[in-house]
Amino acid sequence: MNLTAIAGIVLVVLAAALMLVFSLVKRKVPPVFRDIPAFSRLRRAIGLAVEDGTRLHFSFGHSSLIVPRSASAFAALGMLRKVAEQTSVSDRPPVVTAGDAALTILAQDTLHSAYRSAAAEGLYDPNAARLTGLTPFSYAAGAIPIMRDEDVSANILMGNFGVEVAFLTDTSERETSFTMAATDSLPAQAIIYATAQEPLIGEELYAAGAYVDAGPSHTASLQVQDILRWLIVAAVLSGVMLKLLGF
Amino acid sequence: MKRPIATAIAIAIGLIVLLGYFIPLPILTSVRIELVQWAIILSGVAVLVGVINLFSVHLKKIREKEKGAVYSLFLIAALLLTFILGIILGPDHSTMQLMFESVVIPVEASLMAMLAMTLIYASIRLLRRRSDLMTVVFLITVLLVLLGTAPLPFGPLPIVGDLIRPFIAQVLAAAGARGILLGVALGTLTTGLRIVFGADRPYGGR
Amino acid sequence: MPGSSNLIAGIVSFLLTLMIFSYLLGDNPLFRVAVYVFVGVSAGYVAAVILYQVILADLLVPLFTASLIERLLLIIPMILSVLIMMKISRQLSWLGSPAMAYLVGAGAAVAVGGAVLGTLFPQTLAAFNFPSFISAISDRTGAEAQRLAYGLVVAFGTISTLIYFQFGAGVQQDGTVSRSRIVEIISWVGRIFIAITFGMLFAGLYAAAMTALIERLNFIINFFGSF
Amino acid sequence: MAEIRCPMCGKSNPDSLDECQFCQARLKPITAPLDPLQPGEPPTKKNTSELEKTLPGWLREARKAEDDNTGFEETPAETGSVSKADSTDLLGGLADAQEEEEEVPDWLSRLSPDTVKTPDRKTPSTPKESGSGDWLSEIRHETPDTSEQAPTTPEPESFEAGPETGSIDLGESTFRVDDTADESGFGSFSFGKADEEDNQIQADDSEVQPFITFDGDGSTAEGELPSWLSNFAEGNSDQEPSESTEPETADTSEPQAEGELPNWLSGFSADENPAQDTALETPAAPEEPLKEETQKAEESQVPAFEGELPDWLSTLPSDGEQGQSFTGDAEEPVQQAASPSEPGPEAVSKEESPEWLANLPSESKATELPNVRAFTDSLKKMPTDESSPDVGLPNWLGDESAGEPEGSDAVQPAAPESEPPVESELLDRLTASPAAGDGAAQEPPDITGPPFFVEEKASSDEDVEAIFSMDMPDWLSSLGPGDQEQSQASDDSAGESDESLVPGDLPGWVKAMRPVEAVVDKAPVDSGESDRKVEHKGPLAGLSGILPAGSASAPTHKTQTYAIKLQVSDAQQVNASLLERLLASEAKPRSLSTSAYVMPQRFLRWAIAVLLILVIGVTTFAGTSVVPLPNLYPNETLAAIKAINDLAADGTVLLVFDYNPGLSGEMEAAATPVVDHLMLKGMKLAALSSVPTGPALTERFMRSLQDSYDFQPDQQYVELGYLPGGSAGVLGFASNPLVTIGQTISGTNLWASPALENIKSLGDFSALVLLTDEPEIARTWIEQAKPKLGSRPLILVVSAQAEPMVRPYYESGQVQGMVTGLMGGVSYEKVNARPGLSTRYWDAFSFGIFFAELMIVAGGLWSLISAWLARRTQPAEKE
């Protein structure tokens, strides 16, 4: 059993334990997180969409479920869950597009359970979550008409995108609709940064749940991330020190 | 009652596969590989479900004469034709190859080509959208890297190509990329754990 | 491929290329048709590939050809596959949940494993993967010294970028939410590094897209040339 | 209010802040304070069509719907903002009604059957918990059948009048009841919700109340009831209506008119208020149950209806003695006269209060049942009691026809919205001129029938404003700063609302709105002599005749239709203009999120496209080679060349084609020299891809080389196909290639082919060349495959955008060589002195990049300058 494996176990167990603690322990002062303007603007966009009866469009990227980047899609699903509950008062349920079949099914399930818990099960329409293509480009190309035709006022692009995200952000700019975009892929992040109205950078994607009050576990995740972040910083710093000291 | 079952499955599989990563017991590793192999099969089956979803969505559009139903007709026709041909002839048959090369490649390549305009447009508009230091740095970097990527029509610029670009690529960009990757990994870790321990259940429930 | 089919392919792809480019003038029926056909064909193609390379090759064929143990083992994915198929029907879709749960569980675990072993450890270690001070000064050429200097910059950039993401913040007395001054300063540096990284990537995308455009225009010109 | 509770995070903020200091949620409504309306402001004739885009989506839909709908349908179509289900239900019936018989006025034919129906309807529904939604939707649903029914019921003229007035009354009451049902039903639901959700909901509420109330009023489903309830409450508490600055308080005319209102109302408002604010918070929630119910109703009710009509008829005589007590009532004329416009409760209070008051304080769901019973009873009486219609209708009808030039204005009173003004007005008239009416029966058709609809169809634009103008009172009243507390308040809610309505407390924009509602109400009242006093205090100071009976209590139902005629009055114009400003300002947030210059944008896009295509097209077409090839080569490319040169001949190289078809242009240009190099060295090739489209790309790529080297498949080149499973698949392949892939369906084992015969593990390949555009894929292969590859070189051919992420692997030595994009390709070709695709593209590439650079610089400067100018011209224009 090599060092890496042990360290890995330690890290994972530590993270899990911390998350458990943070999500169970109720504190008087809830943790405060830095302001990410994109999320407050998103809230407003959602509110507006609800009132003027326009739609939200979620797009989850093309990540398969059984690859490391699937986590971005899972984070996006957590957000969909929450937003779907909030928008269950609207008669235009959000439309979800995805470039991976399993992801589409998950989006359907998420919508379904969200409406169920909002006592609005009648809103659930399996066709609200759609597979728009099986290759990255065809997925994006298939999502473009939805963004144009279905009275979408806000696009939330979260998940694993590639270059194709540019088509989505560009379309939404042509439609002058709100766009919040986040992805775990670096080139796509560069595109998003340049083309999307409300880009989220890197890790902020995984904070979405906490910023839409998706529950204590999400908040706990952020706290754990911060702790681990400083662990890494400490590790790097100590490594640098050792190098400078000549070891 | 199905929810607990699903959750239990998710947690169990998640833990086993996770352990398979870290505890190098051969049996655990092989179990993990087998489980993941099944997952691959499942996602393959899911693709078929997804295609049916794609089909039904557009069929519905046509039936209810929604906006753009005509186009859906094209999609369904193309989908059925390709899929059926693919089943009959097999995906690596020359006809499939022909369809692929005459439809998929040109369209994707053209979309990619249009990206050139889109990106230029975006970088022009960027300062209108967000005029802050970060944006300025971003654009300057783009400019420098581009200058270093291809020589100007009237010959390469000194320094930029052989000093600045490499420095940006190997040092500055590498540092930023590494920081972002680490952050993403942290997010991935916690998000994954939430699911492994059943706090998030995107497969329904809660 | 025979010449005739080559010609067909050429004409079709030429038309489709123009139809896609018509989007430059704005959304229009030609573009729509091209896109929908494209989505349909690619979906059909991929589905066929998956059917052959995954479902047949890994599931159905082994069910009949493989050894007894393997077949027994394959029964589980078989059942799960059937359950996933239930997702097609609205009434039975709940039956698919266990199968999806399986996928999600496996996927999440893969994600965690990949994040820890694939990124966190290697990248952290790589952050200070530069020659030690001793070797740097002992190296006459100065190459080591340069690598050390670069390494330090990279390490600093990595840290500041990482700190930029720090979420935890405090409520200041004036009621505003913000992080501690030191964190804010470091993360400001981090932003610069991020901007540079994005700029680098963006330039790369330019190059890629530009090449694609050149290739397309080449194709069009050659297409005319071929007559 | 010292502090505002943040709707988003629930924390309290000083009310000076516009945004929550904790979550930056909007605390004050987006609608910027409108500069208050000057009394003498000249009416601006507005063409509202230009406002189209600023209208809420539901409205836009409705307007679209207008075209094919008949005039009458428009009302529900537009009001059915949130709950499409019911609105459409109403519509269906109405459509039939009109086609079937024109001579019976639509509203009459539509409503009278309800009177018929509801008595039977309720009795079954009483036991049901959620009966409310149920029978309601049934009533709704019946409108079609009943409208057909109307003609078939043989009735004497005099009798015709009965159902008519009664019908209006019940028409109202049903809708009101339906409100009660909805809100209470929802109220209880949303109280059950978790806090976090409440926060969110309230967030929506506070951010966009104006919108919500539009919805609310539009769709008979929310907003109205709470408001009129609260108004009644206020009405009771307030003693001098005429002097009060609050329009609502004018309601007191009603309480005063009917003695026992206060006591039941206090209880009523008490348990309604919670429903009120929840209803405001989440507009459409109620509609959800409704939809389903209406569907249920579809099946169940149509047959049921036949059975009922007769037994209604049979009940008529039986109600005789009730009728007696009814006529015996002192306020009978008033009640009857008011009935067309009078909200149910008054009627209720008169007849049934004792028996049902008991269950009021309990579940508000329960409350609507008594109401309904009350209304329907009053209804049952109506036919039997001949006197009441004669007393009631003729009076005001006569009045109208006499004193009113415009018939529809006269009828305006009959519209639910403005009933309070109407009512008070009617009261005056009735007291002034007792029974002078005749021909009550035929009058209404003339007034209510064709005129409106024709006009409405004519002016669908003003229609929109009408809707909003009618909405205002409601949401104003519901917007009172105190309505949060109000919701908690119980019996003393009246007093509380009073405080909450102290002018000082009102948000500026609400103040700005107040005169408007006054104007709205004023319009119909103009004709009447009452309410002609000038305000001395409060936000309405200086406006005259602005305090008619509490308009805020108005449930807006059909009145959009009737309101059209209001366009004529200047007051309406002012109102309209202000509402347009309101609308525009409300639509602002969305425009905030979008960029303003659409046309310039399009031109910019076109310009870029044209120029770029010209630049590249011309260069490509000319086939020039003026741009010098790079003379300093990237180290990674040189390393790649060296690694391939060092390969032992006659080995097998694994090519992995993992790029999107979209990037085939770049990837092929970059990869061709590499594979070409391998071929020159006579290496055997095995191709593989972990993306489904890979094999086709492989095929295409290899075919392009086939011409220059005619290699034999299986001898020098084997295509292994698609390797599913992403990283897992790669890992499987790396650890055990032979079992992971290579067995075709037909059973042939590709590993047996000459090219692969001596490959047993990944390490047996001489090298691995990965062609990809996605750094993730590169990472996967590096991390999973490289360890198994051992000392064998791993060479990457990557798209330019992947370089920054894969470069570290090259620096760290995990990757032995790298060819990035066109530049790598062209270097490779130059070093090997074998010009190919990359070299051919090079000129165009250089020109294109140069063009991009120019555009960035120019665009950047332009943006900076214009931004700077913009900032100088109007500062703080950004939100």
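Below, chain A is the first sequence line, B the second, and so on; all start at residue 1.
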Below 3.5 Å, can you tabulate the donor-acceptor pairs from side chains in residues 103-110 of chain B to any protein atom, sequence neighbours excluded?
unit_1: E108(B); atom_1: OE1; unit_2: G662(D); atom_2: N; d: 2.7
unit_1: E108(B); atom_1: OE2; unit_2: T135(A); atom_2: OG1; d: 3.3
unit_1: S110(B); atom_1: OG; unit_2: P106(B); atom_2: O; d: 2.5

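- Interface remark: T191(B) contributes side-chain atoms only to the contact with chain A (heavy atom separation under 4.5 Å).
- With a 4.5 Å cut-off on non-hydrogen atoms, L189(B) touches chain A through its side chain but not through its backbone.
- In terms of non-hydrogen atom pairs under 4.5 Å with chain B, the most contact-rich of Q108(A), H112(A), E203(A) is E203(A).
- The candidate from A46(B), S43(B), P202(B) with the greatest count of non-hydrogen atom pairs under 4.5 Å with chain A is P202(B).
- Looking at S123(B), there are no atoms closer than 4.5 Å to chain A (heavy atoms on both sides), in backbone or side chain.
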For residues 16-36 of chain B, please give each side-chain donor-acceptor pair under 3.5 Å, one per line with the distance, not counting sequence neighbours.
unit_1: T29(B); atom_1: OG1; unit_2: L25(B); atom_2: O; d: 2.7
unit_1: S30(B); atom_1: OG; unit_2: P26(B); atom_2: O; d: 3.1
unit_1: S30(B); atom_1: OG; unit_2: I27(B); atom_2: O; d: 2.7
unit_1: R32(B); atom_1: NH1; unit_2: G20(B); atom_2: O; d: 3.4
unit_1: E34(B); atom_1: OE2; unit_2: W38(B); atom_2: NE1; d: 2.9

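- In this pair, F167(A) and F137(A) present their aromatic rings perpendicular. The plane angle is above 60°, beyond the 30 to 60° band.
- Using a 4.5 Å cut-off between heavy atoms, I195(B) touches chain A through its side chain atoms alone.
- If you measure heavy-atom distances from M114(B) to chain A, you find no contacts under 4.5 Å at all.
- For the pair T188(B) and P68(A), the tightest heavy-atom approach, listed with the atom from each and the gap, is CG2-O, 3.8 Å.
- For A129(A), the part lying near chain B is the backbone, with the side chain staying farther off; criterion is any non-hydrogen pair under 4.5 Å.
- Proximity to chain A is limited to the side chain of L182(B), based on heavy atoms less than 4.5 angstrom apart.
- Against chain B, the residues from residues 69-76 of chain A that qualify, each with a non-hydrogen atom under 4.5 angstrom away, are A71(A), F74(A), A75(A) in number order.
- Contact between A69(B) and K61(B) at its shortest, heavy atoms only, is CB-O, 3.5 Å.
- Shown are V165(A), N160(A), V163(A), I192(A); of these, the side chain to side chain contact (heavy atoms under 4.5 Å, CB included) with S185(A) is made only by N160(A).
- Remark: side-chain polar atoms of R130(A) are not paired, donor with acceptor, to backbone N or O of A98(A) under 3.5 angstrom.
- The contact between V51(B) and chain A is made by backbone and side chain atoms together, counting heavy-atom distances below 4.5 Å.
- Here the closest non-hydrogen pair linking S217(A) and R194(B) is OG-CD, 3.4 Å.
- Within 6.0 Å of CZ on F74(B) lie no more than 12 heavy atoms contributed by other residues, nucleotides or ligands.
- Y203(B) is listed as a side-chain neighbour of T7(B), based on a closest heavy-atom distance under 4.5 Å.
- Taking a cutoff of 4.0 Å between a charged side-chain nitrogen and a carboxylate oxygen, R92(A) and E150(A) do not qualify as a salt bridge.
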Evaluate E85(A) against R116(A) for salt bridge (charged side-chain N to carboxylate O under 4.0 Å, His left out), listing each step before the verdict. CA-CA 9 Å; E85(A) 279 176 17; R116(A) 202 184 297 114; over 6 Å; no
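- Contact between F60(A) and L103(A) at its shortest, heavy atoms only, is O-CD2, 3.5 Å.
- Under the rule for a side-chain hydrogen bond (donor to acceptor under 3.5 Å, both in side chains), T110(A) has no partner lying at least two apart in sequence or in another chain.
- Only the backbone of P126(A) comes within contact range of chain B, with at least one heavy atom under 4.5 Å from a heavy atom of that chain.
- L106(A) touches chain B through backbone and side chain together, each having a heavy atom under 4.5 Å away.
- Contacts between E164(A) and chain B at a heavy-atom distance below 4.5 Å are absent for every atom of the residue.
- Ranked by non-hydrogen atom pairs under 4.5 Å with chain A, the options A122(B), G179(B), A185(B) are led by A122(B).
- Residue contact with chain A, scored on non-hydrogen atoms closer than 4.5 Å, involves the backbone and the side chain of V47(B) alike.
- Between R130(B) and E198(A) there is no salt bridge, since no side-chain N of the basic residue sits under 4.0 Å from a carboxylate O of the acidic one.
- At a 4.5 Å heavy-atom cutoff, the contact between A196(A) and chain B is made by backbone atoms alone.
- E204(A) does not touch chain B: none of its heavy atoms, backbone or side chain, sits under 4.5 Å away.
- Interface remark: Y71(B) contributes no atoms to any contact with chain A (heavy atom separation under 4.5 Å).
- With a 4.5 Å cut-off on non-hydrogen atoms, L181(B) touches chain A through its side chain but not through its backbone.
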